[in-house]
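Have a look at the structure below before the remarks.
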There are 2 protein chains.
Amino acid sequence: MKTEKEFHDFLENGDKYYIPNLTIDCAIFGYHGKELKILLAKWRGLDGWGLPGGFIKKKETLSNAATRILKEKTSLDKLYLKQFHVFGDSEFRRKEKEGLSFSPGNNRYLLPKNSWLHERTISIGYYALVEYSQVNLMTDYFIEELVWQDINQVPKLLFDHNEMLSYALRNMRINLYHIPIGYNLLPNKFTLPEIQSLYETILDKKLDRRNFSKKLLKLELIKDTKEVKKIGQHRSPKLYQFDMKKYNEALKNGIVLAI
Amino acid sequence: MKTEKEFHDFLENGDKYYIPNLTIDCAIFGYHGKELKILLAKWRGLDGWGLPGGFIKKKETLSNAATRILKEKTSLDKLYLKQFHVFGDSEFRRKEKEGLSFSPGNNRYLLPKNSWLHERTISIGYYALVEYSQVNLMTDYFIEELVWQDINQVPKLLFDHNEMLSYALRNMRINLYHIPIGYNLLPNKFTLPEIQSLYETILDKKLDRRNFSKKLLKLELIKDTKEVKKIGQHRSPKLYQFDMKKYNEALKNGIVLAI
DNA sequence: GCAAAAGTGTTGCACCTACACCCATGG
DNA sequence: CCATGGGTGTAGGTGCAACACTTTTGC
């Protein structure tokens with residue numbers, strides 16, 4: 001949604017291109033340094049923050065829609081995306097909206113009473129994990145601003161988005177024990193302390209170095225590159241790499257990781 | 001959908017009462033004796049079997065819609081229902097349908113080309129577990145017949161319903177280890193061999209009697225009623241009962257059951 | 001040589017699996 | 001008293017958590 005023309009066409013005729021009543025919202029978790037962040041979007045005209053989201057095109061698959069929405073905001077296109085819940089029960093999701101307005105380029109635009117955008121929406125929640133320094137945040141006619149917010153300092157969000165976020169977080173953490181992560185979050189070659197720190201950040205707890213390395217190596221998803229990383233005035237840690245064949249098998253078949 | 005009037009009103013004006021493009025399909029698993037069955041529905045006019053399903057009313061919550069659909073077919077209203085996946089990616093779910101017809105009371109009724117029912121539908125999958133001898137199967141203008149089919153003898157189903165069923169089954173089995181079951185599946189008072197048989201049937205594997213009882217009792221979800229059940233020419237097994245307080249807590253907080 | 005981080009091995013304990021004997025019941 | 005299914009205890013193994021010392025590096 002780049003131009004004003006596109007924007008008005010969407011407001012007036014969006015229901016010809018998109019499925020009304022049904023949206024996708026994405027909890028995009030970003031890992032960087034040793035922090036877990038969530039990507040929040042500020043809509044023009046709505047005074048507050050929420051998760052980025054969008055509508056599904058009439059003939060688009062759900063996974064393509066979710067990928068497209070993510071790409072529009074972050075310009076990433078290879079990432080791990082997972083459906084985690086459908087939201088249609090809260091007060092907000094049962095009733096039609098009214099008096100929605102948008103302020104593209106600071107021209108306030110009040111939606112007509114019978115606008116398709118006033119209809120009730122049921123939302124499919126997806127979550128993603130990305131390395132946030134690789135992300136190129138992109139605003140548009142709807143999104144005034146995008147920020148990475150520390151997961152522990154999320155303000156009150158619009159609609160039912162706090163509930164969505166908490167579902168996403170819980171789901172993502174449970175999934176961590178059954179699905180390998182890291183390929184989209186770490187450099188190509190990484191050290192054991194780096195990947196351990198990733199897990200510690202996401203799970204928000206300290207892990208034992210010795211036990212972590214035993215458990216992770218037993219899965220055989222990563223292999224020693226025989227190189228080390230120079231980190232200055234300390235012993236140089238070994239560099240590891242994902243074994244993509246085994247990693248992809250693990251993505252498909254699941255893992256059991258008891259950390 | 002009981003009368004012909006209602007039926008025609010639904011075909012012509014359904015999109016005024018229901019959200020188009022979005023449906024709910026239910027994989028209703030039935031336990032009885034020592035067998036796991038799935039409830040299949042035969043639609044009038046569509047030549048084949050599928051999972052029971054329906055549309056969501058404009059102002060209805062998703063859980064109410066799923067419960068309503070289940071009640072319409074089984075007349076049960078207290079049961080365990082769980083959302084497990086949204087289906088919108090398969091070939092069938094991406095394109096609009098055409099030439100749908102129904103045969104209520106054997107009067108063939110061909111839908112007009114622009115009928116709202118020809119639109120693409122995205123479907124939210126729910127699964128339920130019920131004790132099938134308590135179920136009162138109810139057909140209507142759409143459903144010509146409902147049958148319980150052994151889980152190992154499911155034929156090729158309509159649309160993507162085989163895929164749905166296999167997702168549902170996998171999800172339900174995984175959930176078994178994290179959520180207590182049995183309250184809707186067993187008599188009020190039941191014996192250890194009975195509940196063990198339930199687990200064995202659902203998981204499709206034999207479990208060790210001694211270990212099973214130790215693990216289950218440790219959860220403290222069931223309590224000894226100090227009664228026994230007369231089963232004829234054998235030792236009388238003790239009768240147990242769910243401790244509803246703990247059972248409901250376990251439903252909310254989850255359990256860890258390593259059987 | 002010292003400060004900081006990486007690497008690694010062992011032991012105890014809890015839990016799980018595997019397994020066998022006795023008990024109750026009705027015919 | 002016998003056939004059948006119910007009830008229970010124990011020994012052995014596995015795997016996890018807890019824990020400390022040695023190595024590497026740059027200054």
Side-chain angles (χ1 to χ4, degrees), chain A residues 33-35 173-174 176-178 182 186-187 189-201 203-241 250 254-259, chain B residues 33-35 173-174 176-178 182 186-187 189-201 203-241 250 254-259:
Chain A
K34 303 198 169 190
E35 294 192 330
R173 283 179 173 152
I174 291 173
L176 209 60
Y177 297 98
H178 304 296
L186 293 169
K189 294 174 183 177
F190 54 89
T191 67
L192 277 185
E194 280 167 356
I195 191 170
Q196 177 172 346
S197 177
L198 168 66
Y199 274 89
E200 288 181 336
T201 303
L203 293 174
D204 196 25
K205 65 179 179 192
K206 272 278 165 206
L207 302 172
D208 184 276
R209 197 152 37 101
R210 292 157 285 207
N211 296 335
F212 180 83
S213 97
K214 269 179 283 183
K215 287 172 194 173
L216 190 63
L217 290 171
K218 198 163 58 176
L219 292 179
E220 297 185 315
L221 296 177
I222 64 173
K223 51 190 185 193
D224 195 335
T225 62
K226 309 286 179 201
E227 299 168 57
V228 293
K229 180 173 183 175
K230 295 278 178 200
I231 54 162
Q233 177 181 359
H234 306 292
R235 175 164 181 176
S236 307
K238 297 186 193 171
L239 281 165
Y240 290 84
Q241 223 172 7
I255 57 174
V256 177
L257 182 57
I259 57 176
Chain B
K34 303 199 169 190
E35 294 192 329
R173 284 180 173 150
I174 292 173
L176 208 60
Y177 297 98
H178 304 295
L186 292 170
K189 294 176 182 175
F190 52 88
T191 67
L192 277 185
E194 281 167 355
I195 191 171
Q196 178 173 345
S197 176
L198 168 66
Y199 274 90
E200 288 181 337
T201 303
L203 292 174
D204 196 25
K205 65 179 179 192
K206 272 279 165 205
L207 302 172
D208 184 277
R209 196 153 35 104
R210 292 157 285 212
N211 296 335
F212 180 81
S213 100
K214 269 179 284 184
K215 286 172 194 173
L216 189 63
L217 290 171
K218 199 163 57 175
L219 292 178
E220 296 185 317
L221 295 177
I222 63 175
K223 52 188 182 193
D224 195 335
T225 62
K226 307 290 178 197
E227 297 168 59
V228 294
K229 180 174 184 175
K230 294 279 177 199
I231 53 162
Q233 179 181 358
H234 307 291
R235 176 167 181 172
S236 309
K238 296 187 195 170
L239 282 165
Y240 290 85
Q241 222 172 9
I255 57 174
V256 177
L257 182 57
I259 58 177

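By convention in this document, chain letters (A, B, ...) are assigned in the order of the sequence lines, proteins followed by strands, and residues within each chain are numbered from 1. If you're wondering where the values come from, they're calculated on a predicted model, not measured in any experiment.
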For A258(A), does its backbone N or O pair with a side-chain atom of K215(A) as donor and acceptor, under 3.5 Å? yes

Q.
I want to check one thing: is the phosphate of dT8(D), taken as OP1 and OP2, less than 4.0 Å away from some side-chain N or O of K238(B)?
A. yes

Between the protein and nucleotides 17-24 of chain D, which nitrogen or oxygen pairs come in under 3.5 angstrom?
residue: dA17(D); atom: OP2; partner: K215(A); partner atom: NZ; Å: 2.3
residue: dA18(D); atom: N7; partner: N211(A); partner atom: ND2; Å: 3.1
residue: dA18(D); atom: N6; partner: N211(A); partner atom: OD1; Å: 3.3
residue: dA18(D); atom: N6; partner: K214(A); partner atom: NZ; Å: 3.4
residue: dC19(D); atom: N4; partner: R210(A); partner atom: NE; Å: 3.0
residue: dA20(D); atom: N7; partner: R210(A); partner atom: NH1; Å: 3.1
residue: dA20(D); atom: N6; partner: R210(A); partner atom: NH1; Å: 2.8
residue: dA20(D); atom: N1; partner: R210(A); partner atom: NH1; Å: 3.4
residue: dT23(D); atom: O2; partner: R235(A); partner atom: NH1; Å: 3.1
residue: dT24(D); atom: O2; partner: R235(A); partner atom: N; Å: 3.0

Taken to the nearest whole Å, NZ/K229(A) to C1'/dT25(D) is 15 Å

Applying the Watson-Crick and G-U criteria (both distances under 3.5 angstrom) with [ ] for crossing and | for other-strand pairs, one obtains for DNA chain D |||||||||||||||||||||||||||

Side-chain heavy-atom pair Y199(A), I195(A) within 4.5 angstrom cut-off: yes

Rounded to whole Å, CG of L239(A) lies from C1' of dG7(C) at a distance of 14 Å

Test your reading of the model: is there a side-chain donor-acceptor pair from S197(B) to the backbone of P193(B), 3.5 Å cut-off?
no

(message) Apply side chain to side chain contact (heavy atoms under 4.5 Å, CB included) to residues L192(A) and L216(A) and explain how you reach the verdict.
(response) CA-CA 9 Å; L192(A) 277 185; L216(A) 190 63; 4.3 Å; yes

In whole angstroms, the gap separating P of dG15(D) from CG of L219(A) amounts to 13 Å

Here the distance between atom P of dA6(C) and atom CZ of F212(A), to the nearest Å, is 13 Å

To the nearest angstrom, the CG-P distance between L216(A) and dG7(C) comes to 12 Å

E200(A) side-chain N/O to L207(A) backbone N/O, donor-acceptor pair under 3.5 Å | yes

From OH of Y240(A) across to C1' of dA6(C) the rounded distance in Å is 10 Å

Would you confirm whether E227(A), through its side chain, and L239(A), through its main-chain N or O, come within 3.5 Å as a donor-acceptor pair?
-> no

Looking only at atom types and distance, does a side-chain atom of T191(B) sit under 3.5 Å from a main-chain N or O of P237(B), one as donor and one as acceptor?
-> no

Atom CD of E200(B) and atom P of dG5(D) are separated, to the nearest Å, by 14 Å

note: K218(A), atom NZ; dG15(D), atom P; distance rounded to Å ~ 6 Å

Residue pairs passing the ring-ring contact (aromatic ring centres under 6.0 Å, His included) test with at least one member in residues 217-238 of chain A, sequence neighbours excluded, are none

Hey, does L176(B) have a side-chain heavy atom less than 4.5 Å from the side chain of L257(B)? no

